[in-house]
Protein chains: 2
Amino acid sequence: MTEPLDLVFSALADPTRRAILTMLLEDDMAVTDVAEPFAMSLAAISKHLGLLTRAGLISQEKRGRVKWCKLEPDALKQASVWMQGFGQFDPVNLDAFERFLEREFPEKL
Amino acid sequence: MTEPLDLVFSALADPTRRAILTMLLEDDMAVTDVAEPFAMSLAAISKHLGLLTRAGLISQEKRGRVKWCKLEPDALKQASVWMQGFGQFDPVNLDAFERFLEREFPEKL
DNA sequence: CGAACACTTAACCAAACGGTTGACGAAATT
DNA sequence: AATTTCGTCAACCGTTTGGTTAAGTGTTCG
């Protein structure tokens, strides 16, 4: 019953997890390094990373004894598309943007 | 400690609440009408609406004995902006879009 | 006035969440 | 071989969440 959007949005609902994602924007990181700035146990961070992985927002790959965490921003795409459905996020004007699309990228439509 | 983004994302994490928002996209609705399609009590829906209101995603105005629910899509904006920070959601090309903005709406930049 | 309608609130419940500590396994170092 | 490092797992704990039912508050209508 648990849809992908449920996983993604509830993953994003926690400030620690959003901070982790922001950190991973810079570069891939080991679990220990992800945990370092936070005032909580490594086990807690490990759980957060597990949740982010289940949501598809990051991937984890073990090389040697260190497990690398990698941002998977594509997982945000579906959530972003859902929100776009509510419109009005365009900084300017949707009609003008559509005209722009037709003019500049007719092959993508 | 609870930031606005926490409220918005956790509000969006529930499929019932997302469905309610989608319904309100059509038109403003009374609480009873919002509850009608769902297989749960009116009290449960009332709680969901309270949460959506606290998150700023809807507003409620009582006229007579019926309380009208209105979508407030602006509350999604900050969340949308946060996600945009992870890039790659632009359907086309961000650079081209920025050039478009400068050309079409120089006064907004 | 009294009854029906539109909601909200309170009390309760099971399950999930966010954190802890402690034990553990697997890889690297010495 | 022994030890340290990296990370997960299990058990536990208090709080929050998503639902229930039942009672209560207004508001409208007959």
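So you know, we letter chains A, B, ... as the sequences are listed, proteins then strands, and number each from 1.
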* Indicate, with a heavy-atom threshold strictly under 4.0 Å, whether A:K62 touches base, sugar-phosphate, or nothing. => nothing
* Asked: What integer distance in Å separates B:I45:CD1 from C:dT9:C1'?
  -> 16 Å
* Does a side-chain N or O from A:K47 land closer than 4.0 Å to OP1 or OP2 of C:dG19, or not? -> no
* To do: For C:dT29, take OP1 and OP2 only and decide whether either is under 4.0 Å from a side-chain N or O of A:R65.
  => no
* Answer with base, sugar-phosphate or nothing: what part of the nucleic acid does A:R63 contact at a heavy-atom distance below 4.0 Å? => nothing
* Asked: Counting just side-chain N and O atoms, does B:H48 come under 4.0 Å of either OP1 or OP2 of D:dT17?
  -> no
* Between C:dT8 atom C1' and B:Q60 atom CD, what is the distance in whole Å? -> 10 Å
* Side chain of B:A30 (C-beta onward), nearest among C:dC7, C:dT8, D:dG18 -> C:dC7
* Quick one: B:M40 CE to C:dA14 P, roughly how many Å, whole number? -> 19 Å
* Calculate the interatomic distance between A:L49 atom CG and C:dG18 atom C1'; express it in whole Å. => 14 Å
* Compare side-chain N and O positions of A:S41 against OP1 and OP2 of C:dT20 and report whether any pair is under 4.0 Å apart. => yes
* Which part of the nucleic acid, if any, lies within reach of A:A43 when heavy atoms closer than 4.0 Å are counted: base, sugar-phosphate only, or nothing? -> base
* To do: Nearest whole angstrom, please: distance from the P of D:dT8 to the CG of A:L42.
  => 7 Å
* Would you please test A:W68 and A:Q60 for side chain to side chain contact (heavy atoms under 4.5 Å, CB included) and show each step? => CA-CA 5 Å; A:W68 293 92; A:Q60 293 180 288; over 6 Å; no
* Mark yes or no for whether A:T53, through its side chain, and A:L49, through its backbone, hold a donor-acceptor pair below 3.5 Å. => yes
* **Value in whole Å for how far the P atom of C:dC7 lies from CH2 of B:W68** => 8 Å
* Structure fact -> Looking only at D:dG18, C:dT8, C:dG18, the nucleotide nearest the A:D14 side chain is C:dG18
* Structure fact -> In whole angstroms, the gap separating P of D:dT8 from CG of A:L51 amounts to 13 Å
* **Under-4.0 Å side-chain N/O to phosphate OP1/OP2 contact, B:T32 with C:dC7** => yes
* To do: Take B:L12 and B:L57 through the test side chain to side chain contact (heavy atoms under 4.5 Å, CB included) and record every step on the way to the result.
  => CA-CA 9 Å; B:L12 296 180; B:L57 289 164; 4.1 Å; yes
* Write down the distance between CD (B:E61) and P (C:dC7), rounded to a whole number of angstrom. => 13 Å
